[in-house]
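Comments concern the structure below.
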Amino acid sequence: MEATLCELAGRLNDWDRILVLSHRSPDGDTLGCASALCRALIGLGKQVHFACADPVTPRYAFLFEGLTFPDFEPEHVVTVDVAAPDLLGTLKETWYPRVEMCIDHHATNSMEAPLRYVDSHAAAACEIIYSLLCEMKAQITPEIADCLYAGVSSDTGCFKYQNVTPQTYRIAANLVELGAHGAEINRRFFDTKTRARVEMEKRVYDTLHDYFGGKCACVSITDQMKAEAGAGEDDADGLASLPRQIEGVLVGVTLVEKAGEGYKISLRAIPPVNAAEIAAVFGGGGHAGAAGCKINASLEQAEEQIVAAVGRWLEEHGL
Ligand SMILES: [Mn+2]
């Protein structure tokens with residue numbers, strides 16, 4: 001049984017001593033939701049607390065600036081942007097049985113809670129929190145507007161993905177009107193790279209090989225490169241999108257060394273190429289646009305095998 005936004009608003013306005021939970025490996029959306037909701041509830045004079053199985057990374061720390069949480073025994077538990085119980089991580093055992101309200105935008109949501117509100121048309125859960133705060137007649141301060149804008153911007157890749165709707169822009173416009181620092185948040189999330197990241201990119205471009213007249217581009221990432229660049233996992237994140245950015249490339253291939261297990265292959269494709277079908281040759285899978293598989297071989301052999309599979313797919317489809 002799904003709740004209405006009006007029901008959620010009514011409960012939250014009545015409740016006190018509320019614990020808000022984000023999903024593990026937290027992103028801008030789940031943290032933006034949690035911070036915005038906590039700030040709004042505090043504004044309404046309530047005691048609130050926030051918890052997440054993993055720490056808030058420096059990238060998102062600004063969302064929680066100035067927030068302090070008192071110690072108390074929660075009476076009500078709310079999850080935001082959490083699509084499945086396991087995504088509560090180490091908090092699942094203690095808190096999942098007590099989740100009373102679940103607010104999310106994943107069509108696959110499998111959380112059980114007395115009050116569930118899942119809107120899969122929302123590009124970000126922060127869109128739902130915005131509508132909820134309006135329904136609650138809670139004051140949306142510039143700080144809250146920043147948190148919500150950050151969530152919407154993160155989950156839409158800076159308003160670039162297919163999930164963006166007219167409503168996404170309307171909400172973003174309202175948030176900017178309420179004082180959100182749109183340009184600054186977008187620069188922080190999408191136009192800022194760590195030095196280690198730049199060092200990684202330099203090295204990754206050096207490994208670039210073109211195949212099939214430039215329709216396939218292949219790069220590789222080794223542990224040695226990561227060590228030389230001083231890069232952590234965060235700094236290597238998303239590098240798989242680089243080869244597909246090259247004009248004319250239909251399939252971008254990234255080989256990432258996995259100590260002792262050969263290479264993890266990330267495939268990024270542009271229609272009509274189906275990356276999942278190519279990955280399936282090696283027992284992998286994913287979506288048409290992004291897929292992955294593993295090949296346990298040396299770098300040279302792994303590259304040769306995946307490129308051969310790409311070549312066969314292109315040939316079979318007359319490309
Ligand atoms: Mn989300």
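Below, all heavy atoms of this structure are taken into account, side chains as well, without hydrogens, waters or symmetry copies. Atoms within a ligand are numbered from 1 in the order they appear, just like the ligands themselves.
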Arg11 with Glu7: basic N within carboxylate O range, under 4.0 Å: no
Note: Arg197-Glu201 ion pair, threshold 4.0 Å (strictly below):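 A salt bridge links Arg197 with Glu201.
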Same cluster (ILVMFWY, side-chain, under 4.5 Å), Val251 and Ile246: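 No: no chain of side-chain contacts under 4.5 Å links Val251 to Ile246.
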Positive for side-chain hydrogen bond (donor to acceptor under 3.5 Å, both in side chains) with His105, one of Asp155, Asn163, Asp119: Asp155
Do you see an N/O/S atom of [X], backbone or side chain, under 2.8 Å from the Mn ion (ligand 1)?
| X | result |
| --- | --- |
| His105 | yes |
| Asp155 | yes |
| Asp27 | no |

OD1 (Asp81) to the Mn ion (ligand 1) to OD2 (Asp29) angle, given to the nearest 10 degrees: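 Answer comes to 90°, rounded to 10°.
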